[in-house]
Protein chains: 2
Amino acid sequence: MEGRIDRIKKQLSGAGYKLTPQRESTVRVLLENEEAHLSAEDVFLLVRDKSKDIGLATVYRTLELLNELNVVDKIQFGDGVSRYDLRQEGAAHFHHHLVCMECGAVDEIQEDLLGDVEQIVESRFNFQIKDHRLTFHGICHRCHSK
Amino acid sequence: MEGRIDRIKKQLSGAGYKLTPQRESTVRVLLENEEAHLSAEDVFLLVRDKSKDIGLATVYRTLELLNELNVVDKIQFGDGVSRYDLRQEGAAHFHHHLVCMECGAVDEIQEDLLGDVEQIVESRFNFQIKDHRLTFHGICHRCHSK
DNA sequence: ATGTGTGCAAACCATTTGCACCCCG
DNA sequence: CGGGGTGCAAATGGTTTGCACACAT
């Protein structure tokens with residue numbers, strides 16, 4: 001975990017930014033809550049809980065910055081809030097999501113299932129793919145077995 | 001086109017709603033601008049242009065209603081506005097999008113490329129898929145050839 | 001009459017921004 | 001000192017809502 005912080009610190013300084021205490025707290029909360037799909041406010045409250053002083057605006061600015069550096073991915077599931085996911089170490093592509101229409105749970109799929117599909121899209125539409133977003137909506141295994 | 005309006009009218013009345021003049025104008029604008037990925041405000045202005053009286057709130061309410069009836073799909077590309085796409089006749093699934101990071105254009109892919117992937121997801125994760133969203137971000141063929 | 005639908009304006013709420021202040025080099 | 005970074009509060013902007021009125025059954 002410290003290693004990941006270090007790497008992020010390098011990415012920041014490489015781009016001319018510092019890892020301030022607020023930024024570090026924000027990153028730590030993201031690390032401690034991977035796969036949680038936190039909103040900016042979620043992050044804000046979690047940092048607050050550890051009795052660290054931080055402003056909501058700073059959280060937004062930090063998340064925005066991390067998004068630009070491709071440290072986090074900003075996603076929207078359609079509920080009006082943006083959520084932020086730490087990008088996996090060395091992941092070439094964004095992972096996928098399974099959103100349950102019943103209980104609202106969001107599960108992740110780390111494997112890249114789109115290799116073949118991307119081949120088709122690149123050649124057939126002459127579109128150079130940089131990234132993708134894939135979300136399935138349906139009934140999760142928990143609700144399904146009820 | 002009249003046929004599609006008729007069908008939508010039936011869907012509305014089946015659910016206990018009427019095809020009012022405002023709702024019809026809204027649907028016509030969507031039909032005349034398929035693949036345009038209009039925002040609520042876009043629809044509002046286009047209906048206005050035809051000198052039809054309509055309020056922005058009505059447009060929102062209509063689009064919301066059509067979304068619930070699965071007549072339109074509500075999508076967000078991350079620019080802060082919701083866009084509304086008429087669902088294809090008889091399409092079991094939502095079509096895919098190619099968003100150009102250079103010029104911002106949004107192209108559509110009607111073919112369903114996810115058959116195999118869905119098989120995998122359903123069996124491996126025991127997730128019952130109802131719908132999906134797939135968007136590729138990259139450089140479109142127009143910008144690519146510049 | 002009963003209820004659905006509409007327009008307007010106000011309210012809402014996530015996000016952004018202006019600005020004064022702070023800290024570090 | 002100078003510039004990035006922060007906090008607060010105010011502004012922004014898309015979307016929703018309250019309410020009075022209109023229209024059809």
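Lettering follows sequence order; numbering is per chain, from 1. Computation of the quantities below employed the complete heavy-atom set of this structure, encompassing side-chain atoms and omitting hydrogens, waters and symmetry-equivalent molecules. All values reported here derive from a predicted model rather than from experimental measurement.
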Rounded off to whole Å, could you give me the [atom1]-to-[atom2] distance for the [X] and [N] pair?
X       : N      : atom1 : atom2 : result
B:Leu12 : C:dT4  : CG    : C1'   : 13 Å
B:Asp53 : C:dG5  : CG    : P     : 19 Å
B:Glu68 : D:dT16 : CD    : P     : 11 Å
B:Leu45 : D:dG14 : CG    : C1'   : 14 Å

Has the side chain of [X] got a donor or acceptor atom that lies under 3.5 Å from a matching backbone atom of [Y]?
X        : Y        : result
B:Glu122 : B:Ile129 : yes
B:Asp6   : B:Gly3   : no
B:Asn67  : B:Glu64  : no

Check your understanding: Yes or no on side chain to side chain contact (heavy atoms under 4.5 Å, CB included) for B:Lys74 and B:Val72, after CA distance, side-chain angles and deciding distance?
Key -> CA-CA 7 Å; B:Lys74 185 176 183 177; B:Val72 304; 6.0 Å; no

**Study point:** Salt bridge flag under 4.0 Å for residues A:Asp85 and A:Arg83
**Key:** no

Check your understanding: Which pairs with one or both residues in residues 12-24 of chain B pass side chain to side chain donor-acceptor pair (under 3.5 Å), sequence neighbours excluded?
Key -> B:Glu24-B:Arg28

Check your understanding: Which parts of nucleotides 12-20 of chain C does protein reach within less than 4.0 Å, heavy atoms only, written one letter per nucleotide 5' to 3' as B for base, S for sugar-phosphate only and - for none?
Key -> --SBBBB--

Review point. When the ring planes of B:His95 and B:His37 are compared, do they come out parallel, tilted or perpendicular, using 30° and 60° as the limits?
Key: tilted

Exercise for review: Measure up the B:His132 and B:His96 rings against each other and bin them: parallel (under 30°), tilted (30 to 60°), perpendicular (over 60°).
Suggested key: tilted

Point to revise | Residues in contact with DNA chain C, drawn from residues 17-32 of chain B - heavy-atom cutoff 4.0 Å | key: B:Tyr17, B:Lys18, B:Thr20, B:Gln22, B:Arg23

